[in-house]
Structures are given as C-alpha cells and as structure tokens.
S.K.: 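My questions will all concern the structure given below.
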Amino acid sequence: MSLNRKFYERDTAEVAKDLLGKNIIHREDSQVFKGKIVETEAYFGPEDPASRAKDEKTKINENMWKKGGTTLVYMVHSYWLFNIATEGNDIPGAVLIRAVEPLEGIEFMKLRREREREKELASGPGTFTQAFGITKDHHGIDVTSSDTLSVEQGERDVEPSEIKYSHRIGVTEDLERELRFFIGDNGHVSR
DNA sequence: CATATGATGGACT
DNA sequence: GTCCATCATATGG
C-alpha cells in the first residue's frame with residue numbers, strides 16, 4: 001500500500017522526518033528494487049536560499065509546486081538526484097532522498113554500481129539513484145498512484161530517539177535550522 | 001580512521 | 001562559460 005496524498009501534503013520537514021524507515025520500491029520489468037529510506041533532507045520555498053524553488057519556475061523545479069507525491073529528478077555533477085514534492089499545489093517544497101538501505105534487487109544493484117559491499121550501493125543521493133535505476137525518466141511521477149515507483153510503510157516505525165539531525169550537505173548557503181534527517185545507528189547513511 | 005582534490009554532464013545565462 | 005542538493009580516489013595518521 002503506497003503512502004497517500006495526505007502523507008505528503010504536510011510541512012516539508014515533517015514529511016522528510018517521517019519518510020525515514022519507509023520502503024521505496026522501483027518495479028522495472030520483472031526486476032524489483034526495494035530499500036529502506038535512512039537519510040533525507042527538506043527543502044522549502046523562496047525563503048530557503050538552498051532551495052531550487054527560491055527562483056522562478058523552470059522545467060525542472062516546477063514540480064516542487066505540484067501536488068504532494070510528485071517526483072522531481074535532476075542532475076548534479078553527473079548523478080541524478082531524486083526528490084518527492086510536499087505540500088499542496090502552489091506551496092513549493094520537496095524532500096531529497098539521500099540514502100537507502102538495500103533490501104531487494106541487491107545483486108543487480110551490485111552490477112549497476114560496480115561495487116560488492118552493500119554499504120556502497122545506495123549510501124548517497126547519487127549512488128542511490130544509480131543502484132535503483134532512477135533517471136530523468138522518473139521525473140514527474142505521482143508516487144501515490146504509480147505502478148513503477150512507490151513508497152510504502154516499512155517493517156516498523158522509527159522511534160523519535162533513533163532520528164538524528166544535521167545541517168544539509170553540499171549546499172552553498174544553508175538555513176539556521178537543521179534540515180537533514182537520518183537514522184543514527186544505520187550503516188547506510190552517507191558520510 | 002580523516003580530509004583533500006579532480007572529474008563529471010546537464011541546465012541555464 | 002558558469003554553476004552545482006556529488007563521488008571516488010589518494011594520501012596521511
């Protein structure tokens with residue numbers, strides 16, 4: 001069962017935090033790629049200097065204004081980064097999926113990544129998309145209703161005490177608030 | 001373990 | 001040409 005629209009159409013930081021522990025699934029032909037989300041970042045609107053929604057709409061960033069659950073995929077330094085829009089229409093926001101613990105399709109992920117160690121498969125926003133086969137083709141999908149890309153409830157909820165926070169990584173100008181969320185004791189978090 | 005550095009490709013001006 | 005919400009190496013401790 002995919003998470004519904006109501007889950008995504010809330011405060012972006014809340015959605016980012018609540019996505020921890022959920023499973024993301026990419027069904028590609030007969031292959032299934034599944035993993036547990038262990039690290040996310042929240043991006044807001046014009047008031048956020050690190051957000052792509054701080055400027056005018058473009059073909060890429062316009063999906064941040066779309067309904068919660070719409071995907072946003074773009075390239076940075078030759079890697080695709082995968083985001084899910086939050087809030088409703090006309091309120092921009094998105095959550096970047098930064099790291100995932102692989103659960104299914106691991107052998108094929110190893111081939112795509114040309115790596116053997118599981119912690120090197122999806123422990124970063126660019127390596128995650130590479131392992132899962134996510135590209136620009138997955139821009140603009142609605143994860144609440146898509147057959148190929150969905151986010152579902154995990155094995156168990158993540159306890160608040162397990163969640164850690166930090167400033168966002170790699171941004172040129174960050175907000176005061178800590179908007180990176182990750183599961184503290186999980187070995188698949190990025191460095 | 002840690003930190004430093006060069007390569008990368010697409011969107012945009 | 002410039003700007004990146006990155007990554008894989010290399011080197012030192």
S.K.: Starting from P on dA5(C), measure out to CG on Asn83(A) and report it in whole angstrom.
M.R.: 11 Å

S.K.: So what does Ser51(A) hit on the nucleic acid, given a heavy-atom distance under 4.0 Å: a base, only sugar-phosphate, or nothing?
M.R.: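 Ser51(A): no heavy atom of the nucleic acid under 4.0 Å.
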
S.K.: Tell me whether the side-chain N/O atoms of Thr172(A) come closer than 4.0 Å to OP1 or OP2 in dA5(C).
M.R.: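 It does, given that an N or O in the side chain of Thr172(A) lies less than 4.0 Å from OP1 or OP2 of dA5(C).
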
S.K.: For the base of dT6(C) and the side-chain ring of His77(A), does the geometry meet a stacking cutoff of under 5.5 Å between centres and under 30° between planes?
M.R.: yes

S.K.: Heavy atoms only, 4.0 Å cut-off, all strands: where does Ser190(A) land among base, sugar-phosphate and nothing?
M.R.: nothing

S.K.: Within this structure, what is the NZ-to-C1' distance between Lys59(A) and dT13(B), rounded to whole angstrom?
M.R.: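 One finds 20 Å between C1' of dT13(B) and NZ of Lys59(A), rounded.
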
S.K.: Stacking check: are the rings of Tyr74(A) and dG10(B) less than 5.5 Å apart at their centres and under 30 degrees in tilt?
M.R.: no

S.K.: Among Glu104(A), Gln31(A), Lys34(A), His138(A), find the residue that satisfies the side-chain hydrogen bond (donor to acceptor under 3.5 Å, both in side chains) test when tested with His26(A).
M.R.: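 Filter result, single survivor: His138(A).
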
S.K.: Out of curiosity, Thr58(A) OG1 to Met64(A) CE, how far, rounded to the nearest 0.5 Å?
M.R.: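 Nearest 0.5 Å value for the OG1-CE distance: 10.5 Å.
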
S.K.: Mind checking whether Ile25(A) and Leu103(A) sit in one hydrophobic cluster, side chains of I, L, V, M, F, W, Y counted as touching below 4.5 Å?
M.R.: no

S.K.: Could you state the CG-C1' distance from Leu81(A) to dG10(B), rounded to the nearest angstrom?
M.R.: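 For the pair Leu81(A) CG and dG10(B) C1', the rounded distance is 12 Å.
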
S.K.: Which one, dA11(B), dG9(B), dA8(C), comes nearest to the side chain of Met75(A)?
M.R.: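 The nucleotide sitting nearest to the side chain is dG9(B).
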
S.K.: Salt bridge (Lys or Arg N to Asp or Glu O under 4.0 Å), that's the test. Do Glu120(A) and Arg115(A) meet it? Break it down for me.
M.R.: CA-CA 7 Å; Glu120(A) 294 182 11; Arg115(A) 290 287 182 287; 3.3 Å; yes

S.K.: Both Arg115(A) and Leu96(A) contact DNA chain C. Which one's nearest nucleotide lies toward the 5' end?
M.R.: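 With Arg115(A) and Leu96(A) compared, the 5'-side residue is Leu96(A).
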
S.K.: State whether Arg191(A) places a side-chain N or O below 4.0 Å from either non-bridging phosphate oxygen (OP1 or OP2) of dA4(B).
M.R.: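 Checking Arg191(A) against dA4(B): no side-chain N or O falls below 4.0 Å of OP1 or OP2.
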
S.K.: What's the CD1-P distance between Ile169(A) and dT3(B), to the nearest Å?
M.R.: 13 Å

S.K.: Is any side-chain N or O of Ser78(A) closer than 4.0 Å to OP1 or OP2 of dA7(B)?
M.R.: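 For dA7(B), neither OP1 nor OP2 has a side-chain N or O of Ser78(A) closer than 4.0 Å.
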
S.K.: Round to a whole Å and report the spacing from CD of Glu62(A) to P of dC12(B).
M.R.: 10 Å

S.K.: Does Arg180(A) reach a base, just sugar-phosphate, or nothing at all? Heavy atoms under 4.0 Å.
M.R.: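 Since no nucleic acid heavy atom lies under 4.0 Å of Arg180(A), the category is nothing.
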
S.K.: Less than 4.0 angstrom from a charged side-chain N to a carboxylate O is my criterion; do Arg177(A) and Asp48(A) meet it?
M.R.: no

S.K.: Could you tell me how far apart Trp80(A) (CH2) and dT6(C) (C1') are, to the nearest whole angstrom?
M.R.: 14 Å

S.K.: Mind checking Arg98(A) for me? I need base, sugar-phosphate or nothing, with any heavy atom below 4.0 Å counting as a touch.
M.R.: sugar-phosphate

S.K.: Should dG13(C) form a Watson-Crick or G-U wobble pair with both distances under 3.5 Å, which nucleotide is its partner?
M.R.: none

S.K.: Specify the separation, in whole Å, of atom CG of Leu72(A) and atom P of dA11(B).
M.R.: 13 Å

S.K.: Rounded to the nearest Å, what distance is computed from the CD atom of residue Glu120(A) to the P atom of nucleotide dT6(C)?
M.R.: 18 Å

